[in-house]
Amino acid sequence: MVAPMTPYERAVATLMNEPVDELPAYPLVCGLQRRLLPNQPVTYKTWATDAKVCADSFVEGFKQYKFPYSVLLEDLSVTAHDFGAKVRMDAENTPFVDGHIIHTAEDYEKIAETHPDIHKGRTGHLIEMNRLAAQQLKGKSFLMSFLEGPLLTLTQAGGAEQVMMDMYTDPDAVHKALESTTKFCCEAVTEIATTGVEAMCWDYLWGNYSCLGDPEYMEFEGEKYAKATNEATRKAGIGLAIHNCADMPHLDTQIKLFGVDGYSMAYYPQIPESPTMASVIERGYGEKCTIMGTIDPQLFMRGSYDEAVQVTKELCQDCKTAMCKAGLNSHVCIASGCEVPPDLETKWEVVKGVMDGTHLYGAF
């Protein structure tokens, strides 16, 4: 039996596949945490544009729920915004791109010639937020920054349908733009590593067999561009994690080939090919890195405390069985498959249900 651990000790031990007192749990509560701030109401727009308010929300989340990990995610429009995409910021909605910048082949040239300053714009805000959060949470919660990868940056800025069509009709133009987004991402992670966070979680969404096969994914991200951002992350001296909420993720590439420390994934029960966390562990991926997921984010809006405890119980039991078969000490984190919806209707009692359920059923 392992002596009781602090949240941070549990997080670090899990990443190293060491014995733990209980499985760590971290529902991906990011924007939702603005509702915990004592000076609320804080709108989502304020949270996404005020670095101190944003950092304070992660601190408050830890104070109230003792999250072993904190993934410092804002939204998926950060890098695209800095490349010139029009981003809509409503008072209480997650910022999203509503004006793409790719309409012709020449627009890829414009992106190739664009070199945003990482210290300005939304990325500059994210970096400052990371720094402020680390000042208060270092050694308490394991801190992972979060940023869109090179291909996701391009598809967010230009539109996924447009970019993926152009991969076939004008691949050279797409590659020129990817050179630019990759350079920007590498510069960003190098600076983020100075803030005090301990890992970078890249969103490499398009490693998904529903969208791209192995040859296409390797050509337009895996073989060159993600390789560059992964190497920049390692060179900067911080851990490497990937978030991929795809229904059919490229596990061999993104876990084995990339050599990650953590892998955050989703599960889609209506899709037969979508892997459960237990199956991923049993297939040997849990030996390579910590597997995080896979609770349905919609549970946090539609479910109850009791339902959350039951879902968590089942996930903990499945994972512990799979861990036993695989001979693992840990390397598992109970989490949501994607960000918990930051909507006003989302229920904090469901978050509590996941945490309490893990304390009860994730204990060893």
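Computed from heavy atoms alone, side chains included, the values below leave out hydrogens, waters and symmetry copies.
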Within the side chain of [X], is there an N or O that forms a donor-acceptor pair under 3.5 Å with the backbone of [Y]?
X: K176; Y: Y108; result: no
X: S336; Y: L28; result: yes
X: D82; Y: G121; result: no
X: N130; Y: V197; result: no
X: D170; Y: D166; result: no
X: E221; Y: L151; result: yes
X: D117; Y: H119; result: yes
X: S279; Y: P275; result: no
X: T346; Y: P341; result: yes
X: T155; Y: A160; result: no

Derivation of the side-chain contact (heavy atoms from CB on, under 4.5 Å) call for I238 and T233: CA-CA 6 Å; I238 57 176; T233 304; 3.8 Å; yes

Which pairs would a plain distance check flag for residues 301-308, meaning a side-chain donor or acceptor within less than 3.5 Å of a matching protein atom at least two apart in sequence or in another chain?
residue, atom, partner, partner atom, Å
S304, OG, E307, N, 3.2
S304, OG, E307, OE1, 3.4
Y305, OH, D356, OD2, 2.8
E307, OE1, S304, N, 2.8

For [X], what residues pass the side chain to side chain donor-acceptor pair (under 3.5 Å) criterion, not counting sequence neighbours?
X: N208; value: D247
X: S70; value: S141
X: N17; value: none
X: T46; value: T43

[atom1]/[X]: more than 12 non-hydrogen atoms of other groups inside 6.0 Å:
X: Q298; atom1: CD; answer: yes
X: K352; atom1: NZ; answer: no
X: K183; atom1: NZ; answer: no

Partners meeting ring pair (Phe, Tyr, Trp, His ring centres under 6.0 Å) with W47 (sequence neighbours left out):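 Residues passing ring pair (Phe, Tyr, Trp, His ring centres under 6.0 Å) with W47: Y44.
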
[X] [atom1] to [Y] [atom2] distance, which is reported to the nearest 0.5 Å:
X: I255; Y: E287; atom1: CD1; atom2: CD; answer: 11.5 Å
X: M323; Y: D318; atom1: CE; atom2: CG; answer: 12.5 Å
X: M218; Y: L257; atom1: CE; atom2: CG; answer: 5.0 Å
X: M292; Y: T294; atom1: CE; atom2: OG1; answer: 13.0 Å

ILVMFWY network linking [X] to [Y], side-chain heavy atoms under 4.5 angstrom:
X: L251; Y: M248; result: no
X: V97; Y: L178; result: no
X: V53; Y: L132; result: no
X: L126; Y: V42; result: yes
X: V350; Y: W348; result: yes

Verdict with supporting geometry, L328 and I281, side-chain contact (heavy atoms from CB on, under 4.5 Å): CA-CA 9 Å; L328 297 177; I281 295 166; 3.7 Å; yes

Residue pair E60, R35: steps toward the salt bridge (charged side-chain N to carboxylate O under 4.0 Å, His left out) verdict: CA-CA 10 Å; E60 192 62 32; R35 289 170 45 195; over 6 Å; no

Test side-chain contact (heavy atoms from CB on, under 4.5 Å) applied to M129 and L72, step by step: CA-CA 8 Å; M129 182 272 285; L72 304 177; 4.0 Å; yes

Verdict with reasoning, M277 to V280, per side-chain contact (heavy atoms from CB on, under 4.5 Å): CA-CA 5 Å; M277 197 146 80; V280 169; 5.5 Å; no

Sequence neighbours excluded, every pair satisfying ring-ring contact (aromatic ring centres under 6.0 Å, His included) that has a member inside residues 76-95: F83-F184

Pair listing, ring-ring contact (aromatic ring centres under 6.0 Å, His included) test, anchored in residues 162-183, at least two apart: H175-F220, H175-Y225

Distance-minimising heavy-atom pair for [X] and [Y]:
X: Q156; Y: H100; answer: O-CD2, 3.3 Å
X: R234; Y: G239; answer: NH1-CA, 4.1 Å
X: A25; Y: P68; answer: O-CD, 3.1 Å
X: Y204; Y: G149; answer: CE2-CA, 3.8 Å
X: T229; Y: P150; answer: CG2-CG, 3.8 Å
X: A48; Y: H125; answer: O-CE1, 3.2 Å

Partner of F67 by ring pair (Phe, Tyr, Trp, His ring centres under 6.0 Å), out of Y26, F62, F142: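 It is Y26; the other options fail the test.
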
Modelled atom types, side-chain donor and acceptor of Y263 and Q254, under 3.5 Å: yes

Pair T153, T79: side-chain N/O donor-acceptor within cut-off below 3.5 Å: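 T153 vs T79: donor-acceptor pair found between side chains.
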
Partner set under salt bridge (Lys or Arg N to Asp or Glu O under 4.0 Å) for E231, not counting sequence neighbours: none

Side-chain polar contacts of residues 357-364 - donor-acceptor pairs under 3.5 angstrom, sequence neighbours left out - could you list them?
residue, atom, partner, partner atom, Å
T358, OG1, V354, O, 2.8
H359, ND1, E22, OE2, 2.4

Parallel, tilted or perpendicular, as decided by the 30° and 60° cut-offs, for the rings of H250 and Y209: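 Ring orientation, 0 to 90° scale: parallel.
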
Within 45° cone of Y65 ring axis and under 6.0 Å: K63 NZ or CZ: no

Please table the atom pairs, donor to acceptor, closer than 3.5 Å between any side-chain atom in residues 6-16 and protein atoms at least two apart or in another chain.
residue, atom, partner, partner atom, Å
T6, OG1, E9, N, 3.1
T6, OG1, E9, OE1, 3.4
Y8, OH, E198, OE2, 2.4
E9, OE1, T6, N, 2.9
R10, NE, D21, OD1, 2.8
R10, NH2, M5, O, 3.0
R10, NH2, D21, OD2, 3.0
T14, OG1, R10, O, 2.8

For residues 264-271, dump all side-chain donor-acceptor pairs below 3.5 Å to protein atoms at least two apart in sequence or in another chain.
residue, atom, partner, partner atom, Å
S264, OG, H243, ND1, 2.8
Y268, OH, C245, O, 2.5

